[in-house]
S.K.: 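Dropping a structure here in structure tokens format, bear with me for questions.
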There are 2 protein chains.
Amino acid sequence: MADIPSSGTSKQRKGNGQPGSDYETGLSEDEQLDIRIWLRLLTCANLIERRVRKNLRDKFNTTLPRFDVLAQVDRTPDGQPMRELSRRMMVTNGNITPLVDRLVEDNLIRRDPSPEDRRVQHVRLTENGRQALDEMFPAHSSWVNNLMANLDRDNASQLYALLGELKTSIQTAERDED
Amino acid sequence: MADIPSSGTSKQRKGNGQPGSDYETGLSEDEQLDIRIWLRLLTCANLIERRVRKNLRDKFNTTLPRFDVLAQVDRTPDGQPMRELSRRMMVTNGNITPLVDRLVEDNLIRRDPSPEDRRVQHVRLTENGRQALDEMFPAHSSWVNNLMANLDRDNASQLYALLGELKTSIQTAERDED
DNA sequence: TTATATTACTTTAAGTCTAAACTATTTAAT
DNA sequence: ATTAAATAGTTTAGACTTAAAGTAATATAA
């Protein structure tokens, strides 16, 4: 996960000679800034994720992917097809199958075949699953809240907006890729 | 990875009645903002990570953790102990061992026992590893740069600063935990 | 209609990751 | 010096993740 670039190069690599270039890395200031944003982003995400994982394990004896499935499934009253789960969770299809298998075993969710399309399985919360989620959800919020408690509210709003800009930039770049 | 909270609750959960609370989630505006920051952060991190992983595989037939190890090892001329690698990469100790094993097999790094402390193994780049990294590093930068190309430079600087604030907030909260 | 492509999901093999238990070594405290 | 505690690294079992290949069902197109 961590992805910290070093000089990333042998001593031979020279600066590009342009203003704002860095002798060590051969990157322009803009390029360096981008990399630093990426690394800081990753560090923050890792720190938060680590805390959430630890608390889910310690306090609810579960894992983040399991919590994610429950939270996702709960987003729509009629449950969701597997493909929708994998799309929302940003993981591959093959990942979801065994994850859902285990949650079904534990009677937290169930699979209902779609009446319209026999390929589709709708995943829904069981009563058990709902209860579990109702306990976990506020705790999860409070953990995140706690980690950001020292962040000034104006800064928080701005950060949220800027992350939106970043997201747009990424999606634009990915769209142009194709 | 994705961690999208839904209503996360049955219909029974009521708003907390305070100004700015949300009937659906029972979260205050501040709490909602924090969760939204977290989710957006995670989305951005996932999008970038996914692109980097895909490009590492397609163009260099390698993986992100492998690249991370090489980049980390390169940061200090005399290599680094395993514990330092795991600390910097924010993964557990047990993760590093097989990862390093595979890279040693491929002759990209080597393990040198520390002369001072017989428990310690210093991990260093081989000439092969240096060459590989020298090819990968600029490519890696350009991928990230590309994803952020549509981000205004002022916004980028601000985002970097705010992520710093967030990081501090998280670390403060974690410190208080202990 | 019939062939072709697409879609939803599962399976497989291999890599990554974690927590926990373990070994070997070093450090600290008596 | 001897014991206890801490540290570096490895190993283990299990969960998660991916890409790629496979199966079944649906949609498209000729």
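Naming: A, B, ... by sequence-line order, numbering from 1 per chain.
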S.K.: Among dT18(C), dC9(C), dT26(D), which nucleotide has an atom closest to any side-chain atom of Arg57(A)?
M.R.: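 Within the option list, the nearest is dT18(C).
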
S.K.: Of Thr97(A) and Lys54(A), whose closest DNA chain C nucleotide lies nearer the 5' terminus?
M.R.: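 Looking at the nearest nucleotide for each, Thr97(A) comes out on the 5' side.
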
S.K.: Can you identify which nucleotide, out of dT18(C), dC16(D), dT16(C), has its nearest atom closest to the Arg102(A) side chain?
M.R.: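 Looking only at heavy atoms from C-beta outward on Arg102(A), the closest nucleotide is dC16(D).
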
S.K.: If you only use heavy atoms from C-beta on, which nucleotide in dC9(C), dA8(D), dT18(C) is closest to the side chain of Val120(B)?
M.R.: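 Out of dC9(C), dA8(D), dT18(C), the nucleotide with an atom closest to Val120(B)'s side chain is dA8(D).
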
S.K.: Are Arg124(A) and Gln80(A) close enough that a side-chain donor and a side-chain acceptor fall under 3.5 Å?
M.R.: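 There is no such pair between these side chains.
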
S.K.: Does some side-chain heavy atom of Leu147(A) sit less than 4.5 Å from a side-chain heavy atom of Glu174(B)?
M.R.: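 Touching, per the 4.5 Å side-chain cut-off.
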
S.K.: How would you label the contact of Ser86(B) with the nucleic acid (heavy atoms, under 4.0 Å): base, sugar-phosphate, or nothing?
M.R.: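 Contact class for Ser86(B): none.
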
S.K.: Looking just at side-chain N and O atoms, do Gln171(B) and Arg175(B) make a donor-acceptor pair shorter than 3.5 Å?
M.R.: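 Short answer, no.
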
S.K.: I want to verify a distance call: between dC17(C), dT10(C), dC16(D), whose nearest atom is closest to the Pro65(B) side chain?
M.R.: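 Of dC17(C), dT10(C), dC16(D), dC17(C) is nearest to the side chain of Pro65(B).
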
S.K.: Hey, does the side chain of Asn95(B) come within less than 4.0 Å of dT18(C)'s phosphate (OP1/OP2), counting only N and O?
M.R.: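 Yes, such a contact exists.
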
S.K.: May I ask you to evaluate whether Arg83(B) reaches the phosphate of dT7(D), defined as a side-chain N or O under 4.0 Å from OP1 or OP2?
M.R.: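 For Arg83(B), the contact criterion (side-chain N or O under 4.0 Å from OP1 or OP2 of dT7(D)) is not met.
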
S.K.: Using a 4.0 Å heavy-atom cut-off, does Pro98(B) contact any base of the nucleic acid, only the sugar-phosphate backbone, or nothing at all?
M.R.: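 Touches nothing.
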
S.K.: Side chain of Arg66(B), heavy atoms from C-beta onward: which of dT16(C), dT25(C), dT17(D) has the nearest atom to it?
M.R.: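 Nearest nucleotide to the side chain: dT16(C).
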
S.K.: I need the CG-P distance between Asp58(A) and dT18(C), as an integer number of Å.
M.R.: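 To the nearest whole Å, that distance equals 15 Å.
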
S.K.: When you measure from the side-chain N and O atoms of Thr63(B) to the phosphate of dT16(C), is any distance below 4.0 Å, counting only OP1 and OP2?
M.R.: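 Checking Thr63(B) against dT16(C): at least one side-chain N or O falls below 4.0 Å of OP1 or OP2.
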
S.K.: If you assign each of Gly94(B) and Gly94(A) to its closest nucleotide in DNA chain C, which residue comes earlier from the 5' end?
M.R.: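 Per heavy-atom nearest nucleotide, the more 5' residue is Gly94(A).
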
S.K.: Over how many whole Å does the gap from Gln121(A) atom CD to dC9(C) atom C1' extend?
M.R.: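 In whole Å, dC9(C) C1' and Gln121(A) CD are 8 Å from each other.
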
S.K.: Are Asp112(B) and Arg110(B) within salt-bridge range, i.e. N to O under 4.0 Å?
M.R.: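 A salt bridge is present here (some side-chain N lies under 4.0 Å from a carboxylate O).
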
S.K.: Please classify the nucleic acid contact of Arg111(B) as base, sugar-phosphate, or nothing, using heavy-atom distances under 4.0 Å.
M.R.: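 Here Arg111(B) touches the backbone only, sparing every base.
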
S.K.: What does Ile96(B) touch in the nucleic acid at a heavy-atom separation under 4.0 angstrom: a base, only the sugar-phosphate, or nothing?
M.R.: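 Result for Ile96(B) = nothing.
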
S.K.: With no hydrogens and no angle check, just 3.5 Å: does a side-chain donor-acceptor pair link Arg57(A) and Asn61(A)?
M.R.: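 Side chains of Arg57(A) and Asn61(A): no pair found under 3.5 Å.
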
S.K.: Tell me if the side-chain of Arg119(B) makes a donor-acceptor pair with the base of dT26(C), cut-off 3.5 Å, by modelled atom types.
M.R.: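 No such pair is found, so the answer is no.
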
